[in-house]
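Notes follow once the structure below has been shown.
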Amino acid sequence: IREYTQMYKEEREAKGKSVDPEGASILEALAATGLRSCRYLKEIPNIKKLVANDLDPKAVDLMQRNFDFNDIPNTKYEARTTDAVVLMH
């Protein structure tokens, strides 16, 4: 994702098109406990917003605990309890 966002930015700039200065948005529709989401937010620069979703409320509770444990600001993510198909539709 890091490489893709860098290439996307370079291609947009080369074409004279604007680039969102805040960065990319990411949807992890089947996030479970959010460990991968935490890694995305800690390891990839310029993520504007990450939506982490799981249908199981217990998984979303664990996801929230993992975000808190990893000191991830709540302005960078949104934890949701929704059916992934409905969310992506």
Side-chain angles (χ1 to χ4, degrees):
I1 295 171
R2 183 183 314 123
E3 187 65 28
Y4 170 79
T5 55
Q6 182 61 34
M7 287 175 41
Y8 178 79
K9 178 183 175 191
E10 291 170 2
E11 289 174 4
R12 298 277 300 177
E13 289 172 346
K15 293 178 182 178
K17 297 182 178 181
S18 65
V19 178
D20 188 347
E22 294 182 37
S25 296
I26 296 175
L27 168 63
E28 189 171 9
L30 304 171
T33 60
L35 293 177
R36 183 177 295 122
S37 297
C38 289
R39 288 197 64 191
Y40 287 161
L41 290 165
K42 292 183 91 50
E43 296 176 9
I44 300 171
N46 300 324
I47 293 179
K48 175 172 44 175
K49 186 79 162 192
L50 181 137
V51 176
N53 177 70
D54 202 274
L55 187 59
D56 184 353
K58 291 178 185 176
V60 177
D61 288 340
L62 288 170
M63 184 188 310
Q64 185 64 55
R65 289 176 57 194
N66 281 323
F67 287 133
D68 293 342
F69 180 78
N70 283 283
D71 297 321
I72 297 173
N74 60 2
T75 57
K76 293 299 248 180
Y77 70 89
E78 181 180 335
R80 300 189 73 180
T81 309
T82 307
D83 184 290
V85 174
V86 173
L87 181 61
M88 291 185 288
H89 191 267

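Quick note: numbers below take in every heavy atom, side chains included, and nothing from hydrogens, waters or symmetry partners.
Here E78 pairs with R80 under the side-chain hydrogen bond (donor to acceptor under 3.5 Å, both in side chains) rule; sequence neighbours left out. With sequence neighbours excluded, no residue forms a side-chain hydrogen bond (donor to acceptor under 3.5 Å, both in side chains) with N70.
Both I44 and I72 are members of a single hydrophobic cluster when ILVMFWY side chains are connected at heavy-atom separations under 4.5 Å.
Other residues, nucleotides and ligands place more than 12 heavy atoms under 6.0 Å from the CZ atom of R12.
Rounded to the nearest 0.5 Å, atoms SG (C38) and CG (N66) are 5.0 Å apart. Distance check: H89 NE2 to T82 OG1 gives 14.5 Å after rounding to the nearest 0.5 Å. Rounded to the nearest 0.5 angstrom, Q64 CD and N74 CG are separated by 7.5 Å. Between atom CE of residue M63 and atom CG of residue N53 there is a gap of 6.5 Å, rounded to the nearest 0.5 Å. Atoms CG and OG1, from L55 and T81 in turn, are 8.0 Å apart once rounded to the nearest 0.5 Å. Distance check, rounded to the nearest 0.5 Å: CG of L41 to OH of Y77 gives 9.0 Å.
Smallest separation of non-hydrogen atoms from D20 and K48: OD2-NZ, 2.6 Å. Across every non-hydrogen atom of A52 and F67, the tightest pair is CB-CZ, 4.0 Å. The minimum heavy-atom distance linking D56 with D54 is given by the pair N-OD1, 3.0 Å.
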For I26 and I47, what are the C-alpha separation, side-chain angles and deciding distance, and is it a side-chain contact (heavy atoms from CB on, under 4.5 Å)? CA-CA 8 Å; I26 296 175; I47 293 179; 3.6 Å; yes
Check the pair L50 / K76 against side-chain contact (heavy atoms from CB on, under 4.5 Å), numbers first and verdict last. CA-CA 6 Å; L50 181 137; K76 293 299 248 180; over 6 Å; no
